[in-house]
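Here is the structure we will look at.
None of these values were measured; they are calculated from a predicted model.
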Amino acid sequence: MADPTRPRDDLDLPVRLGPHPPRRVVSLVPSLTEAVAATAAGLLVGATDWCTHPADLAVTRIGGTKNPDVPGIVALRPDLVIANDEENRRPDLDALRAAGIPVWVTDIRALDDAFRSLDRLLTTACRLPRPAWLDEAEAAWAPVGEDRTGRADGADGTDGTDGTDGTDPEPGGPTVIVPIWRRPWMVLGRDTFAGDLLRHLGLRLVHADHPERYPAVPLPELLAEQPELVVLPDEPYRFTADDGPEAFPGTPVALVSGRHLTWYGPSLVTAPAVLRQAIDRPFTRGRTGSS
């Protein structure tokens with residue numbers, strides 16, 4: 001029988017928990033902060049400066065995701081620190097472990113990863129009941145695997161997959177480029193959570209097979225791809241109607257909520273509707289592109 005005080009996190013690393021459920025949790029990831037706050041807000045004693053949801057979160061701020069105040073975290077005497085393999089630096093996490101603090105690391109690269117990881121984080125690491133919002137999030141995304149004819153994945157006698165981990169993109173769905181930064185331009189590449197969400201929504205990511213997850217691609221090369229749609233989120237770079245669309249003249253552009261595209265947590269409940277509305281109502285700029 002597995003020892004509940006020695007579970008393993010998403011990286012298969014053992015996490016030395018105490019005999020009692022955690023009562024003081026520090027979160028190093030905005031998505032995870034919102035997930036814990038929506039489930040048991042009283043657990044959180046510390047969060048990053050970038051943890052903006054819920055808006056009324058009143059906890060000690062411990063720096064950024066890439067530069068947390070390790071001594072400050074230790075001073076909070078947390079029972080558990082929750083982190084993410086992509087968002088946080090391993091040396092910082094190792095320093096917390098060396099100080100005797102249990103650290104639970106999530107690894108989320110796809111929608112299904114998010115559902116599994118959030119369930120384990122909340123029920124195994126935090127020892128909380130599975131929250132209703134997580135069931136609502138799974139239910140919200142379940143119909144998204146159906147194509148526009150209403151046929152569910154697998155209804156044609158196949159298993160409905162593309163050989164990876166989820167539903168096939170809609171046949172003939174629009175090709176899309178998703179910049180996440182400019183100067184230099186960087187885009188979503190392979191194996192990203194945000195890219196998987198868009199794939200579930202029927203979009204075909206131009207750089208899905210790129211060897212890098214977030215490649216830097218010069219603007220002329222992006223334009224040469226002739227995407228059918230450009231998706232511009234408002235984080236990590238804050239693209240706006242006046243900053244970004246002008247670089248892609250004549251191409252439909254969808255400005256989307258970065259929280260709904262890149263966060264895994266309660267925002268997943270409304271993400272399908274929010275993203276679909278933005279994607280289905282793009283606008284087109286006719287001005288000359290710029291760097």
Distance (rounded to the nearest 0.5 Å) between R190 CZ and E212 CD
9.0 Å
Do you know the tightest heavy-atom contact between P227 and T251?
O-CG2, 3.6 Å
Minimal heavy-atom distance between P245 and L255, with the atoms involved, is CG-CD2, 4.4 Å
Decide whether V206 and W181 are clustered together by the hydrophobic rule: side chain heavy atoms of Ile, Leu, Val, Met, Phe, Trp, Tyr closer than 4.5 Å, transitively.
yes
Taking all heavy atoms of P179 and all of F248, pick out the closest pair and write down the distance.
CG-CZ, 4.0 Å
Within the 3.5 Å criterion, strictly below it, is a donor on D10 or S117 matched to an acceptor on the partner's side chain?
yes
Is there a salt bridge (charged side-chain N to carboxylate O under 4.0 Å, His left out) between D69 and R61 once you walk through the steps?
CA-CA 9 Å; D69 178 3; R61 300 295 173 160; over 6 Å; no
Less than 3.5 Å apart, any donor N or O on the side chain of Y264 or E34 sitting next to an acceptor on the other?
no
Should T48 and S27 count as side-chain neighbours, where that means a heavy-atom distance under 4.5 Å?
no
Which distance, rounded to the nearest 0.5 Å, do you find between the CG of L134 and the CZ of F115?
7.0 Å
Heavy atoms, side chains only, cut-off 4.5 Å: are L201 and W141 in contact?
yes
Applying the 4.5 Å side-chain criterion to the ILVMFWY set and letting contacts propagate, would L188 and M186 be lumped into a single cluster?
yes
Can you find a pair of side-chain heavy atoms, one from P30 and one from T65, that are under 4.5 Å apart?
yes
Other residues, nucleotides and ligands only: do more than 12 of their heavy atoms fall within 6.0 Å of CZ on R16?
no
Are V176 and V274 connected in the hydrophobic side-chain network, where two residues link if heavy atoms are under 4.5 Å apart?
no
Test side-chain contact (heavy atoms from CB on, under 4.5 Å) applied to V217 and H207, step by step
CA-CA 10 Å; V217 183; H207 298 96; 4.2 Å; yes
Any chance you could lay out the side-chain contact (heavy atoms from CB on, under 4.5 Å) test for T60 and L76, step after step, and finish with the verdict?
CA-CA 9 Å; T60 299; L76 289 173; 3.8 Å; yes
Which pairs of donor and acceptor atoms, one on a side chain in residues 230-239, lie under 3.5 Å apart (sequence neighbours left out)?
from	atom 1	to	atom 2	distance (Å)
D234	OD1	G258	N	2.7
E235	OE2	W263	NE1	2.8
Y237	OH	D243	OD1	3.3
Y237	OH	D243	OD2	2.7

Could you grab the distance from atom CZ of R23 to atom CG of L80, nearest 0.5 Å is fine?
12.0 Å
Give the table of side-chain donor-acceptor pairs shorter than 3.5 Å for residues 93-106, with sequence neighbours excluded, one pair per line with atom names and distance.
from	atom 1	to	atom 2	distance (Å)
D94	OD1	R97	NH1	2.9
T106	OG1	A83	O	3.0
T106	OG1	N84	ND2	3.0

In Å and rounded to the nearest 0.5 Å, what is the CZ to CG distance from R204 to L229?
12.0 Å
Using 0.5 Å steps for rounding, measure from the CD atom of Q277 to the NE2 atom of H260.
11.0 Å
Between D119 and R130, does the salt bridge (charged side-chain N to carboxylate O under 4.0 Å, His left out) criterion hold? Intermediate values first, please.
CA-CA 7 Å; D119 180 86; R130 179 181 166 93; 2.8 Å; yes
I'd like to know whether L118 forms a side-chain contact (heavy atoms from CB on, under 4.5 Å) with L32, so could you lay out the CA-CA distance, the side-chain angles of the two residues, the decisive distance to 0.1 Å, and finally the verdict.
CA-CA 8 Å; L118 289 167; L32 303 184; 4.0 Å; yes
Ion pair E87/K66, N-O distance below 4.0 Å
no
When you look at CH2 of W133, are more than 12 heavy atoms from neighbouring residues, nucleotides or ligands closer to it than 6.0 Å?
yes
Tightest non-hydrogen contact, residues L122 and V36, listed as CD2-CG2, 4.1 Å
So which atom in H200 and which in V144 form the shortest heavy-atom distance, rounded to 0.1 Å?
O-CG1, 3.0 Å
Below 4.5 Å, heavy atoms only, C-beta onward: do L261 and L198 meet side chain to side chain?
yes
Check whether any side-chain heavy atom of T284 lies under 4.5 Å from a side-chain heavy atom of P252, and answer yes or no.
yes
Which residue, D92, V45, L28, forms the side-chain contact (heavy atoms from CB on, under 4.5 Å) with I73?
L28
Go through it in stages, so that I can follow the logic: the residues are R182 and E246, the test is salt bridge (charged side-chain N to carboxylate O under 4.0 Å, His left out), and I'd like the CA-CA distance, side-chain angles, deciding distance and then a yes or no.
CA-CA 12 Å; R182 69 182 302 177; E246 79 288 346; 2.9 Å; yes
Examine distances only and state if a side-chain atom of R89 and a backbone atom of N67 form a donor-acceptor pair shorter than 3.5 Å.
no
Audit row: V178, V187, side-chain contact (heavy atoms from CB on, under 4.5 Å) steps and yes/no:
CA-CA 5 Å; V178 189; V187 299; 5.7 Å; no
Tell me whether R8 contacts the main-chain N or O of V15 through its side chain, where contact means a donor paired with an acceptor under 3.5 Å.
no
Any non-hydrogen side-chain atom of L17 less than 4.5 Å from a side-chain atom of P7?
yes
For the residue pair H53 / T33, report whether a side-chain donor-acceptor contact shorter than 3.5 Å exists.
no
Once you round to the nearest 0.5 Å, how far does CG of D9 lie from CG of L121?
10.0 Å
Check whether any side-chain heavy atom of I82 lies under 4.5 Å from a side-chain heavy atom of V26, and answer yes or no.
no
Find out if a path of hydrophobic residues (ILVMFWY) with successive side-chain heavy-atom gaps under 4.5 Å connects V256 to Y214.
yes
Would R109 and D191 satisfy salt bridge (charged side-chain N to carboxylate O under 4.0 Å, His left out), going step by step from the backbone distance to the final call?
CA-CA 6 Å; R109 310 261 179 126; D191 193 26; 2.9 Å; yes
Any heavy-atom pair between the side chains of R90 and L11 that's under 4.5 Å?
yes
What heavy-atom pair brings P272 and A140 nearest, and what distance separates the two atoms?
CG-O, 3.8 Å
With clusters defined by side-chain heavy atoms of hydrophobic residues (ILVMFWY) lying less than 4.5 Å apart, directly or transitively, does L128 cluster with V29?
yes
